[in-house]
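Beneath this line is the structure, given in structure tokens, with notes to follow.
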Amino acid sequence: MSVAETLGFFSGVQFYDHPSFRMACQQFDTVAEHLQMPESDRAWIKFPKRSLTVALPIQRDDGSMEVFSGYRVQHHLALGPTKGGLRYHPDVTLGEVAALAMWMSWKCALTGLPYGGAKGGIACDPRALSATELERLTRRYTQEMIPFIGPQIDIMAPDVGTNEQTMAWMMDSYSVHMGHTVPSIVTGKPVGLGGSLGRREATGRGVGYLINRAMDTIGLNSSQATAVVQGFGNVGSVAAFSLAKYGVKIIAVSDVNGGLFNSKGLDLYQLEKHVAQRKTVAGFSEAEPITNEQLLATPCEILVPAALERQITEANAGKIDCRILAEAANGPTTPEADAILDRRPEVFVIPDILCNAGGVVVSYFEWVQDLQSFFWTETEVMDKLFRILEGAFVQTLNTSRKRKISMRLAALSLGVKRVQEAKRARGLFP
Ligand code: GLU
């Protein structure tokens with residue numbers, strides 16, 4: 001009988017049950033097998049340390065009252081405070097947030113950041129709320145989270161559906177409570193409030209940098225490469241621009257409202273203008289509309305899922321037609337799809353915890369700058385970012401080649417092993 005079963009722990013984590021949480025656990029189990037981790041360590045390292053669920057009553061603009069559900073999950077406390085984004089999306093649940101918190105742990109460990117993973121979320125549709133309603137909701141959530149967060153406890157950042165303004169409201173609410181300004185409570189703030197130069201672009205630029213490294217690795221010429229990007233939010237759009245700078249032609253993009261295709265390449269500047277006006281890529285005149293399914297099967301050299309989890313599945317993993325799968329989103333590929341990709345060595349996967357790590361790396365820089373009240377130039381930020389990504393890429397690639405395992409298993413093994421070592425060195429508490 002495993003330790004988890006003896007402790008009755010599996011029944012205790014039922015409340016995390018969700019397809020993404022099951023997926024994160026399945027990935028962990030594969031890694032634990034690969035590392036031959038003692039059975040007794042597994043539940044201890046796998047399951048989140050603690051979580052908080054809050055009811056968030058707010059007044060709507062029409063005077064009515066509505067209660068939203070908010071969550072925060074802190075995965076482990078062995079390396080320092082926990083770190084991770086805050087998501088506003090109708091499908092947010094405690095289990096989804098728990099999975100995202102686990103992935104943050106392996107991501108921070110892979111890139112050598114002194115953090116455990118965390119994630120938060122509110123089940124809401126931010127596009128259906130006014131700015132004043134979003135402000136009330138964010139301030140209410142921050143208020144409820146006060147006993148659970150702090151610059152040395154847990155630091156939030158933007159994720160799907162949140163942005164710099166959300167972080168500004170959080171920082172202000174926390175600071176009002178403390179009686180003095182506390183910039184280090186969140187990262188991804190406006191630069192004028194102690195945010196870091198380059199933070200907004202960091203995830204997308206990191207994706208671009210790593211794709212460029214992958215192109216070198218497999219001998220692909222960027223000026224002959226085409227890319228397809230699923231999701232045109234902060235990560236997908238910056239990644240597209242970054243790839244264009246490397247000479248790659250962007251032939252298709254999408255967002256929740258639909259996709260676009262143009263074999264000659266999309267004019268990203270025109271598209272950006274269109275998105276600024278219409279808040280969606282849909283309806284852009286210089287391209288043909290395509291569905292999400294068509295987008296993922298579009299022949300290209302580089303496929304960049306930059307939206308939500310579980311997009312590349314058993315159903316479409318055999319149909320994706322690319323040389324590089326660059327996972328800008330968290331958890332875009334299911335373990336069943338991984339099994340298919342493992343049999344397709346022509347597809348080079350840059351796994352999520354490596355591919356999108358640029359965001360949290362620059363969040364770490366922002367936190368360090370805030371704690372020291374000493375700010376860096378954008379060149380310093382980018383230079384330090386690329387050094388860390390380079391190190392993580394080379395380590396992952398070397399591990400994958402040496403042990404003859406996938407890039408995903410290599411990245412996850414490096415991250416999980418570091419968390420295991422830290423926990424073992426400290427003892428049972430964290
Ligand atoms: N939400 C981002 C992620 O998933 C950033 C987290 C952070 O900067 O703390 O990696």
Side-chain angles (χ1 to χ4, degrees), residues 20 24 71-76 79-89 92 96-122 126 145 149-164 166-167 170-171 183-190 194-207 210 231 233-236 238-239 305-309 326-332 350-370 381 384-385 388-389 392 411 415:
S20 294
Y71 311 96
R72 185 73 179 169
V73 176
Q74 299 171 358
H75 180 249
H76 79 86
L79 281 163
T82 48
K83 186 84 193 80
L86 170 65
R87 175 173 292 199
Y88 290 179
H89 191 277
V92 162
E96 181 192 43
V97 168
L100 291 159
M102 283 170 77
W103 291 324
M104 283 307 300
S105 281
W106 320 138
K107 192 189 304 187
C108 292
L110 173 67
T111 46
L113 308 184
Y115 294 134
K119 199 69 138 205
I122 302 180
M145 285 290 147
I149 59 174
Q152 299 299 339
I153 301 171
D154 183 10
I155 306 119
M156 302 213 199
D159 195 84
V160 174
T162 57
N163 55 28
E164 292 178 6
T166 322
M167 295 302 116
M170 288 200 90
M171 188 269 236
S184 54
I185 185 62
V186 290
T187 59
K189 300 175 288 297
S196 178
L197 290 167
R199 173 62 186 87
R200 192 194 304 155
E201 302 81 9
T203 314
R205 283 197 196 160
V207 170
L210 291 163
N234 180 43
V235 178
V238 176
L308 294 170
E309 303 94 86
E327 297 182 340
N330 290 308
I350 313 175
D352 53 357
I353 62 165
L354 170 64
C355 192
N356 67 36
V360 73
V361 170
V362 177
S363 274
Y364 164 62
F365 297 160
E366 181 171 327
W367 180 71
V368 168
Q369 292 172 76
D370 288 339
V381 169
K384 287 186 172 69
L385 168 64
I388 290 185
L389 293 180

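Counting starts at 1 for both ligands and their atoms, following the listed order. As a basis for the values below, the full set of heavy atoms in this structure was taken, side chains included, without hydrogen atoms, waters or symmetry mates. All values derive from a computational prediction rather than experimental measurement.
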Heavy-atom side-chain contact between Met170 and Ile185 under 4.5 Å: no

NZ/NE/NH1/NH2 to OD/OE distance under 4.0 Å, Glu309 and Lys119: no

The single option from Ile155, Ile153, Ile149 passing side-chain contact (heavy atoms from CB on, under 4.5 Å) against Pro81: Ile155

With Lys107 via salt bridge (Lys or Arg N to Asp or Glu O under 4.0 Å) - residues at least two apart: none

Residue contacts for ligand 1, heavy atom to ligand atom, distance under 4.0 Å: Lys83, Gly84, Gly85, Met104, Lys107, Lys119, Ala157, Pro158, Asp159, Arg199, Asn330, Gly359, Val360, Ser363

Option from Ile353, Val361, Leu113 for which side-chain contact (heavy atoms from CB on, under 4.5 Å) with Cys108 holds: Leu113

Donor + acceptor pair across side chains of Arg199, Ser363 (<3.5 Å): yes

